[in-house]
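The basis for the numbers below is simple: all heavy atoms, side chains too, and nothing from hydrogens, waters or symmetry mates. Atoms within each ligand, like the ligands themselves, are counted from 1 in listed order.
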Amino acid sequence: MAYQITPQLRDKINHFCRFPQTGVSLRQMVMFGQNPSQGTLLRATQFLADELPIRIAHRIQELENLPHNLGEMPSIIKVKNWYAQSFEDLINFPKTELPSSLRDKFTSSSIIQKLPDNVPHPANNPGRSGMLNPSIPICRRYYTKVDDIEWPPEVHYYNEKFTKLIEDIKRRHNPVVSTVGKRHKTKTVIETDIQAFLDRFYMSRIGIRILIGQHVALNKLPSRPDYVGIICTKTNIAQAVQEAADNAKFICEEHYGLFRAPEIQLHCSNDLLFTYIPTHLSHMLFELLKNSLRAVVEKFGEADEYPPIKVIVAEGKEDITIKISDEGGGIPRSNIPLVWTYMYTTAPSQHLDPEFNQTDFRAPMAGLGYGLPISRLYARYFGGDLKLISMEGYGTDVYLHLNRISNSDEPLQ
Ligand code: ADP
Ligand code: MG
């Protein structure tokens, strides 16, 4: 039988929707995650046990309120039900497995039980009454490290169980982008309200996946030098570009044939390091380089030589900017707004099987139409941006701005 949202679950979803989501910055994650004790991880468990259902409840509500009756499409209902299942799993996560002395100290036994029905609107309720300690905003709780005392084995066990739960949730949601994307196959109009929705929706998805990925890494991965969970405090840009270039060229030659790929020239100091999530950086570079490779090969066809793609990295105080310049003929000016929309592609459309696990998934050269918009979301997520300037008839420059977190958190006064 298809999954159904029961009236009881509906009440809980509505309840969680009344709370604001709590933002977490890269810097906060780095500070919090250094050599965490089991007590610190328990705090993180507690934070996520409240924060994830809040975020997920908001997504369910958004999916139900989509314009043009899109909320009734089978693919959207499917995605919504994954969110509802994950919501249910999270709010049902047992709090009773902790020693009772810790239970009071560390769990709010879920905001659902503690909060009276008439909680004030979140906007008037910054301390989120009913939580562990009403006077401490939730983000402060997450980021207060707990001393490394002797933690009873139950704490470890409890953290482990929660980690397993959210890992399963992350896996359940792997096919979300390809499933939501499906609806476009029947639509030719690119409605701006839908694009705005998708931006918000995918942005939120990135956030949820970072929180889960970071938590799982802190709990499960052996600590690696220069890493805090999934964050690398010494991400080497030159190395990241080189790897992305190798991977993109590989895919390009596989697609167009051997030697059918321009050279990628890199102008970057080899010791430029900064704090970032390397998988995000690789994703963006890979997508941008594939686009440039494709444009050049398609423009020059079976040429003996292609004009090289130039990657120039600039190190500023605020940003690190990576410029990728190609001579692939550019994009007509009237098409520029379209390249930022989901599913827009000038390549033969690729079918992405939503049931396919993303880890087995081989990236196509082009044809999904997500490369640019999703990369821009990744860039913006941590305060950066992605810009594209084209000279039709000549080529394209793409600017990837990455905010250096050492500055991004300082208050501007
Ligand atoms: P996809 O690569 O799957 O088509 P993208 O979002 O990466 O999706 O790009 C969308 C479209 O933007 C491409 O199909 C192409 O028409 C255009 N485009 C992107 N980058 C470039 C580039 N460097 N040069 C020319 N056209 C580009
Ligand atoms: Mg692309």
Side-chain angles (χ1 to χ4, degrees), residues 177-178 180-182 184-185 188 190 194-196 198-199 201-203 206 241 244-245 247-256 260-266 280-301 303 306-312 321-354 356 358 361-380 385-400:
V177 175
S178 49
V180 172
K182 263 185 136 181
H184 290 263
K185 299 263 191 275
T188 43
I190 297 154
I194 292 175
Q195 293 299 327
L198 289 174
D199 270 337
F201 189 76
Y202 292 145
M203 188 69 130
I206 292 173
V241 176
N247 291 338
K249 273 184 88 160
F250 180 83
I251 299 282
C252 184
E253 291 192 339
E254 203 178 48
H255 187 84
Y256 293 106
R260 297 265 165 269
E263 184 200 347
I264 297 173
Q265 294 174 351
L266 173 59
H280 286 199
L281 183 60
S282 308
H283 178 97
M284 295 184 284
L285 291 168
F286 178 61
E287 289 299 329
L288 299 174
L289 288 168
K290 272 193 310 173
N291 284 351
S292 288
L293 288 166
R294 170 177 170 234
V296 174
V297 175
E298 304 238 324
K299 177 161 192 256
F300 290 88
Y306 296 107
I309 292 165
K310 295 194 184 95
V311 182
I312 295 150
T321 303
I322 305 175
K323 177 167 89 164
I324 300 178
S325 302
D326 67 56
E327 294 177 29
I331 302 164
R333 203 148 48 90
S334 59
N335 280 356
I336 297 290
L338 292 179
V339 304
W340 298 108
T341 63
Y342 296 90
M343 300 297 286
Y344 173 80
T345 180
T346 52
S349 208
Q350 287 276 333
H351 180 66
L352 223 191
D353 184 354
F356 228 44
Q358 274 190 346
F361 165 66
R362 298 274 308 277
M365 184 64 196
L368 295 174
Y370 301 141
L372 286 175
I374 296 271
S375 295
R376 186 168 68 175
L377 290 185
Y378 274 119
R380 287 182 173 172
D385 209 348
L386 180 62
K387 304 237 151 109
L388 181 148
I389 302 208
S390 131
M391 287 166 77
E392 191 192 8
Y394 178 74
T396 305
D397 288 341
V398 173
Y399 295 82
L400 176 59

[X] neighbourhood, listing ligand 1 atoms whose heavy-atom distance to it stays under 4.0 Å:
| X | answer |
| --- | --- |
| G367 | 1 (P), 3 (O), 4 (O) |
| P373 | 6 (O) |
| D326 | 22 (C), 23 (N) |
| L368 | 3 (O) |
| L372 | 5 (P), 6 (O), 7 (O), 9 (O), 19 (C) |

Distance-only polar pair, side chains of E298 and Y256, donor-acceptor under 3.5 Å:
yes

Taking atom types as modelled, is there a side-chain donor on Y399 or D385 under 3.5 Å from an acceptor on the other?
no

When you look for heavy atoms under 4.0 Å from ligand 1, do you find them on the side chain of [X], its backbone, both, or neither?
| X | value |
| --- | --- |
| A295 | side chain |
| T346 | both |
| L288 | neither |
| T345 | both |

Below 4.0 Å from ligand 1: does a non-hydrogen atom of [X] turn up there or not?
| X | value |
| --- | --- |
| G328 | no |
| R294 | yes |
| S390 | no |
| G330 | yes |

Should we say atom NZ of K299 is surrounded by more than 12 heavy atoms from elsewhere, each under 6.0 Å from it?
yes

